[in-house]
Chemist: 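Starting off with a structure, shown below.
Each chain gets a letter, A, B and so on, in the order its sequence line appears, and its residues count up from 1.
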Protein chains: 2
Amino acid sequence: MTHKVAFTAVKTVKAYERVVEQIETAISKRELRPGDRLPSERELMLTFEVSRSTIREALRVLESTGLVRSRPGDPRGPEVLQASPAILTKTVNRLVRLETIALSELVEFRIMLEGAACTLAAQHRTEPQLQAMRTAVDAMQAEVAHGPVAFSRADVAFHESVWAASHNQLMQICGEATRGALIDMVIGELDRAPDSQARMELSLAHDREILAAISAGDGSTAGRLARSFVIEYYGDIISPENRAALGNVDEVPA
Amino acid sequence: MTHKVAFTAVKTVKAYERVVEQIETAISKRELRPGDRLPSERELMLTFEVSRSTIREALRVLESTGLVRSRPGDPRGPEVLQASPAILTKTVNRLVRLETIALSELVEFRIMLEGAACTLAAQHRTEPQLQAMRTAVDAMQAEVAHGPVAFSRADVAFHESVWAASHNQLMQICGEATRGALIDMVIGELDRAPDSQARMELSLAHDREILAAISAGDGSTAGRLARSFVIEYYGDIISPENRAALGNVDEVPA
DNA sequence: AGAGTGTACTGGTCTGACCATAGTTTTCAC
DNA sequence: GTGAAAACTATGGTCAGACCAGTACACTCT
């Protein structure tokens, strides 16, 4: 009857992988909590019965995942870290940069993201966050006089406050990643703009409109405005037909 | 005048980190492309002038980020991999499990993504892609008889064809990552559903509606439908107020 | 009690070795 | 000549043992 025995495929699991796995599950089971200390490498090699190289390789991958941090000389051992979305940002960034992604795609994605973020912000925003957005806009107003660079910095700050108000970390991460990638790809375009004064005024007016919609809790309008403004900003990059289609998504009545 | 010299903070950079950095930038600069082989560990330790342990630790972090893969015994050396969203999925998963990211956030993000993907698909879809979507829906129809598991597989296939029609790789990457994470989180829920027959019929009807909107080029409707269906599907997870707000985004006339 | 010194142990790195394995080459039989 | 089998070679995985610079903590000495 041996033919009825259900054998299962075997894959050789490397030693350091099993060490990683055990520590990882210990962390996700809350047996190890942020701030806790792992035993020293020399202790770990005894408990896992492997060599120190193996332990170190395991710690390196745990470290690159952001789960632990080793500091030389610390007698308390490696520290278990608080999980943070920061590691996601790096990954998304690399993916964006690595994938052969057309600039138009990036812009398109950014448009959708920006719209969604504003929509969510209009629904989730709290009073202090509204206040933060208002002061951010006021700061932009003040920076108009100091040139495009300072203004752009204030602009970014405003948008960040909007992203924060969306109360969605995934959205924020993607927003951050796409913004970084976009800046990298269109670097230097800012100063090139001849009518910087007019552009600043326009941006300011746009952001005021968005803020009003968010403040009113009108997610639909906020999203639509954001989309059309991003389209305007990066208009040269995407084709005219897309420009029309993406911008008017919400204007077509259901 | 030494006090005017601008010194800059020094942080000790570990050797393996610099190895990682160099290989990483080589990959992101396309000097190393997917499928290429890295030199063997013993060669690397000569070119970087470090010990093999250091090289190995560097390779472990590169491997954990999905950039390379080492296979024992392969004389061609470690392989440079194609960047893949799989690593993103794993990271998102862990963050959700560690409650750094709320499940509701993930669902919310998914809703926005799905809607955006359908909107884009309605605008960018080509005729062959429409055909692929139609056959995918037909396949779903056929799988209804074979139970929820087979049906769900067909369902996923349909949605993948929609994502593909969006012609936006970033959207696809994020979609894949979130889908993977969501599936992992709600695994087993499928069979639990008592009225699986009715649910399948409903899903099928929903997908038919979406397909119709995409086919008609109506991005607004396609997006709205997709959002409301995802909300329906994962309805238990998000709070009632969000359910209403997110679903009706496009129904509020501008 | 506080400031400075010691010290024990940490992580980072190196050397050198062994094993099983996978790709390649060579051999050998037909 | 050709195909399969055996031998070879370099690879990654793992181990043991060593050295160094640095940190936290205890222990001085005032």
Chemist: Rounded off to whole Å, could you give me the CG-to-P distance for the B:L59 and D:dT14 pair?
Modeler: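 Result: 13 Å.
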Chemist: Side chain of B:A15, heavy atoms from C-beta onward: which of D:dG13, C:dG11, C:dT13 has the nearest atom to it?
Modeler: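 Among D:dG13, C:dG11, C:dT13, the one nearest the side chain of B:A15 is C:dT13.
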Chemist: Rounding to a whole Å, what distance do you find between A:R42:CZ and D:dA16:P?
Modeler: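 Spelled out: CZ on A:R42 to P on D:dA16 is 14 Å.
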Chemist: Report the distance from atom CG of B:L44 to atom P of D:dG13, rounded to the nearest whole Å.
Modeler: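 Those two atoms, CG and P, are 13 Å apart.
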Chemist: Starting from P on C:dC9, measure out to CE on A:M45 and report it in whole angstrom.
Modeler: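 Taking atom P of C:dC9 as the reference, CE of A:M45 is at 15 Å.
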Chemist: If the cut-off is 4.0 Å, is B:R56 near the phosphate of D:dG13, judged by side-chain N/O to OP1 or OP2?
Modeler: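 Result: yes.
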Chemist: Measure all distances between protein nitrogen or oxygen atoms and nitrogen or oxygen atoms of nucleotides 21-24 of chain C, and list the pairs falling under 3.5 Å.
Modeler:
from   : atom 1 : to    : atom 2 : distance (Å)
C:dA22 : O4'    : B:G73 : O      : 3.3
C:dA22 : N3     : B:G73 : O      : 3.3
C:dG23 : OP1    : B:R71 : NH2    : 3.3

Chemist: Distance-only, no hydrogens or angles: does the A:R110 side chain make a donor-acceptor pair with backbone N or O of A:G175 under 3.5 Å?
Modeler: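 Confirmed, A:R110 side chain pairs with A:G175 backbone.
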Chemist: Just to verify, which of B:N168, B:L88, B:L113 counts as forming a side-chain contact (heavy atoms from CB on, under 4.5 Å) with B:C174?
Modeler: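 Result for side-chain contact (heavy atoms from CB on, under 4.5 Å) with B:C174: B:L113.
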Chemist: Should we count CZ of B:R37 as having more than 12 external heavy atoms under 6.0 Å?
Modeler: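 For B:R37, atom CZ is crowded (more than 12 foreign heavy atoms under 6.0 Å).
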Chemist: Can you tell me if B:T91 and A:T91 form a side-chain donor-acceptor pair at under 3.5 Å?
Modeler: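 Result is no, nothing qualifies.
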Chemist: By the 4.0 Å heavy-atom rule, please label A:T54 as base, sugar-phosphate, or nothing.
Modeler: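 Sugar-phosphate, no base atom in range.
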Chemist: Give the rounded distance in Å between these two atoms: CZ of A:R60 and P of D:dG13.
Modeler: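 Checked: the CZ to P distance equals 17 Å.
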Chemist: Give the rounded distance in Å between these two atoms: CD of B:E79 and P of D:dT11.
Modeler: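 One finds 17 Å between P of D:dT11 and CD of B:E79, rounded.
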Chemist: Taking donor-acceptor contacts at under 3.5 Å, does the side chain of A:R52 reach the base of C:dG12?
Modeler: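 A donor-acceptor contact between them is present.
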Chemist: Assign B:E43 to base, sugar-phosphate, or nothing according to its heavy-atom contacts below 4.0 angstrom with the strands shown.
Modeler: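 Since only primed, P, OP1 and OP2 atoms lie under 4.0 Å of B:E43, the category is sugar-phosphate.
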Chemist: Applying a 4.0 Å non-hydrogen cut-off, can you work out what A:R69 is touching in the nucleic acid: base, sugar-phosphate, or nothing?
Modeler: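 Nothing: the residue A:R69, judged by heavy atoms under 4.0 Å, touches no strand.
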Chemist: Between B:K14 (NZ) and C:dG11 (P), how many Å, whole number?
Modeler: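 One finds 11 Å between P of C:dG11 and NZ of B:K14, rounded.
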Chemist: Going by atom types alone, do B:H159 and B:E114 pair a side-chain donor with an acceptor below 3.5 Å?
Modeler: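 A donor-acceptor contact under 3.5 Å links the two side chains.
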Chemist: Salt-bridge test for A:E57 and B:R56: reply yes if a basic N is under 4.0 Å from a carboxylate O, no otherwise.
Modeler: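 Salt bridge present between A:E57 and B:R56.
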Chemist: Would you tell me if any nitrogen or oxygen in the side chain of B:S40 comes within less than 4.0 Å of OP1 or OP2 on D:dT11?
Modeler: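 True: B:S40 side-chain N/O within range (under 4.0 Å) of D:dT11 OP1/OP2.
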Chemist: Of the candidate nucleotides D:dT14, C:dG11, C:dT13, which contains the atom at the shortest distance from the side chain of B:E57?
Modeler: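 For the B:E57 side chain, the nearest candidate turns out to be C:dT13.
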Chemist: Distance check needed: C:dG11 C1' versus B:E17 CD, whole Å only.
Modeler: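 Answer to the nearest Å: 13 Å.
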Chemist: Hey, is B:E24 close enough to A:R94 for a salt bridge, meaning N to O under 4.0 Å?
Modeler: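 Salt bridge: yes.
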